[in-house]
Amino acid sequence: MNNHPFHLVNNSPWPICASFGVLTLAFGMIMFMHKNSLVLVSFGGFLVIISSIQWWRDVIRESTFQGLHTKKVMMNMKWGMILFIISEVMFFTSFFWTFFHSSLSPSMDIGLQWPPKSINTFNPMSIPMLNTMILLYSGISMTWAHHSIIQKNYTQSMQALILTVSLGVYFSFLQMYEYMESPFCISDSIYGSTFFLSTGFHGIHVLIGSVFIFIMMIRLKNLHISNKHHVGFESSAWYWHFVDVVWLFLYLSIYWWGM
């Protein structure tokens with residue numbers, strides 16, 4: 001029995017396996033873009049997925065069945081998630097910085113105007129507005145799920161999580177349709193680059209958040225979550241609300257102000 005509240009983790013092969021998978025995936029993306037080869041990217045993606053599943057399995061075992069996540073450990077994990085979200089804020093700040101730097105003082109290369117003359121922008125009252133409402137409603141349903149867990153109403157919490165995941169998937173399909181119908185591409189001046197980089201990375205975050213919440217659904221179904229012990233669920237809720245806020249800034253700046 002430990003005489004301290006901390007969790008000293010056992011040796012695990014999954015961090016190095018996941019790192020090797022990410023490295024392989026990065027090289028695979030380069031091979032795909034230059035050689036149109038999917039061999040490395042497929043292998044790298046497979047390694048990342050398998051390593052993540054095994055790693056998460058071990059963490060779930062340690063927290064739920066072995067009782068190694070004490071109050072001190074849970075607090076440290078919450079702080080870790082907060083710092084991770086702060087780093088994500090800095091990540092998206094770089095995209096907004098690029099967008100406003102280029103839009104507030106357009107260069108001669110794009111005709112001294114914003115958006116550039118050759119760019120036909122999206123109607124902000126069309127799919128972008130629908131996606132905004134979808135994410136706002138998903139944030140409400142996520143809050144509903146969290147409140148239901150605190151109140152020990154796990155049936156309502158499951159219903160709210162199903163609604164949240166469904167809205168997230170619906171958002172992703174609408175964004176994919178918007179990309180397919182886009183009148184410009186990522187190589188169309190700085191506007192195309194900033195638009196697809198910022199909205200594309202946000203779309204990736206929506207997919208990751210949807211998977212995150214789906215895993216919480218499975219854990220809730222298997223009775224891994226209680227009203228006193230749900231750090232993983234809280235982390236998924238914080239992440240999802242962060243994704244909502246980023247989209248509001250994207251919608252107001254890129255779709256509305258920058259049209």
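Leu112 and Phe99 are members of different hydrophobic clusters when ILVMFWY side chains are connected at heavy-atom separations under 4.5 Å. When hydrophobic clusters are built by joining Ile, Leu, Val, Met, Phe, Trp and Tyr residues whose side-chain heavy atoms come closer than 4.5 Å, directly or via intermediates, Ile150 is not grouped with Ile225. Linking Ile, Leu, Val, Met, Phe, Trp and Tyr whenever their side-chain heavy atoms come within less than 4.5 Å leaves Leu40 and Met29 in two separate clusters. Two different hydrophobic clusters hold Leu25 and Ile53 under the rule that ILVMFWY side chains link at heavy-atom gaps under 4.5 Å. Under the 4.5 Å side-chain heavy-atom criterion for Ile, Leu, Val, Met, Phe, Trp and Tyr, Met125 and Ile254 are members of the same hydrophobic cluster.
Side-chain atoms of Trp247 and Asn131 form no donor-acceptor pair, as typed in the model, at a separation below 3.5 Å.
Between Phe43 and Phe20, the two ring planes are perpendicular [angle over 60°; tilted spans 30° to 60°]. The aromatic rings of Trp256 and Tyr251 are tilted relative to each other, their planes meeting at an angle between 30° and 60°. A tilted orientation is assigned to the rings of Tyr191 and Trp114, their planes being inclined by 30° to 60°. Between Phe122 and Phe195, the ring-plane angle classifies as parallel under the 30° and 60° cut-offs. Using a 30° and 60° split on the angle between ring planes, Phe96 and Phe100 fall in the parallel class, below 30°.
Checked against a 6.0 Å centroid threshold, the rings of His146 and His230 count as neighbours. Checked against the 6.0 Å centroid threshold, Trp79 and Phe84 do not count as a close aromatic pair. Between Phe92 and Phe249, the ring centre distance reaches or exceeds 6.0 Å.
Of all heavy-atom pairs spanning Thr143 and His241, the tightest one is OG1-CE1, 3.4 Å. Nearest heavy-atom pair, His69 versus His229, reported as atom, atom and distance to 0.1 Å: O-CE1, 3.5 Å. Residues Ser198 and Phe95 approach most closely at CB-CB, 4.1 Å, considering heavy atoms. The minimum heavy-atom distance between Val22 and Val48, with the atom names listed, is N-CG2, 3.6 Å. Residues Met142 and Thr164 approach most closely at N-OG1, 3.5 Å, considering heavy atoms. Between Phe184 and Thr121, the shortest heavy-atom distance links the atoms CE2-CA, 4.5 Å.
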Please step through ring-ring contact (aromatic ring centres under 6.0 Å, His included) for the pair Phe233 and His224, ending with a clear verdict. CA-CA 10 Å; Phe233 179 87; His224 291 177; over 10 Å; no
Chi angles and distances behind the side-chain contact (heavy atoms from CB on, under 4.5 Å) call for Asp244, Leu248: CA-CA 6 Å; Asp244 289 350; Leu248 289 177; 5.8 Å; no
side-chain contact (heavy atoms from CB on, under 4.5 Å), that's the test. Do Asp188 and Ser118 meet it? Break it down for me. CA-CA 8 Å; Asp188 284 334; Ser118 60; 5.9 Å; no
Apply side chain to side chain donor-acceptor pair (under 3.5 Å) to His147 and Gln156, showing your working. CA-CA 9 Å; His147 180 74; Gln156 279 196 12; over 6 Å; no
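For OH of Tyr179, the number of neighbouring non-hydrogen atoms (other residues, nucleotides, ligands) closer than 6.0 Å is greater than 12. Within a 6.0 Å sphere centred on CZ of Phe91, heavy atoms belonging to other residues, nucleotides or ligands number more than 12. Taking a 6.0 Å sphere around CE of Met33, one finds it holds more than 12 heavy atoms contributed by other residues, nucleotides or ligands. Summarising the local packing, CG of Leu83 is surrounded by more than 12 heavy atoms from other residues, nucleotides or ligands at distances under 6.0 Å. Enclosure of atom CZ in Phe214 is not indicated, since only 12 or fewer non-hydrogen atoms of other residues, nucleotides or ligands lie within 6.0 angstrom.
Without hydrogens or angle criteria, Ser172 side chain to Gly168 main chain gives a donor-acceptor distance under 3.5 Å. Remark: the backbone N or O of Val9 is not paired with any side-chain donor or acceptor of Glu62 at under 3.5 angstrom. Side-chain atoms of Thr194 come within 3.5 Å of backbone atoms of Ile190 as a donor-acceptor pair (strictly under, hydrogens ignored). Between the side chain of Ser236 and the backbone N or O of Ile213, no donor-acceptor pair lies under 3.5 Å.
Atom OG of Ser94 and atom CH2 of Trp97 lie 10.5 Å apart (nearest 0.5 Å). For the atom pair Leu220 CG and Ile215 CD1, the distance stands at 13.5 Å (nearest 0.5 Å).
When the side-chain hydrogen bond (donor to acceptor under 3.5 Å, both in side chains) test is applied to Ser138, the partners found at least two apart in sequence or on another chain are Trp240.
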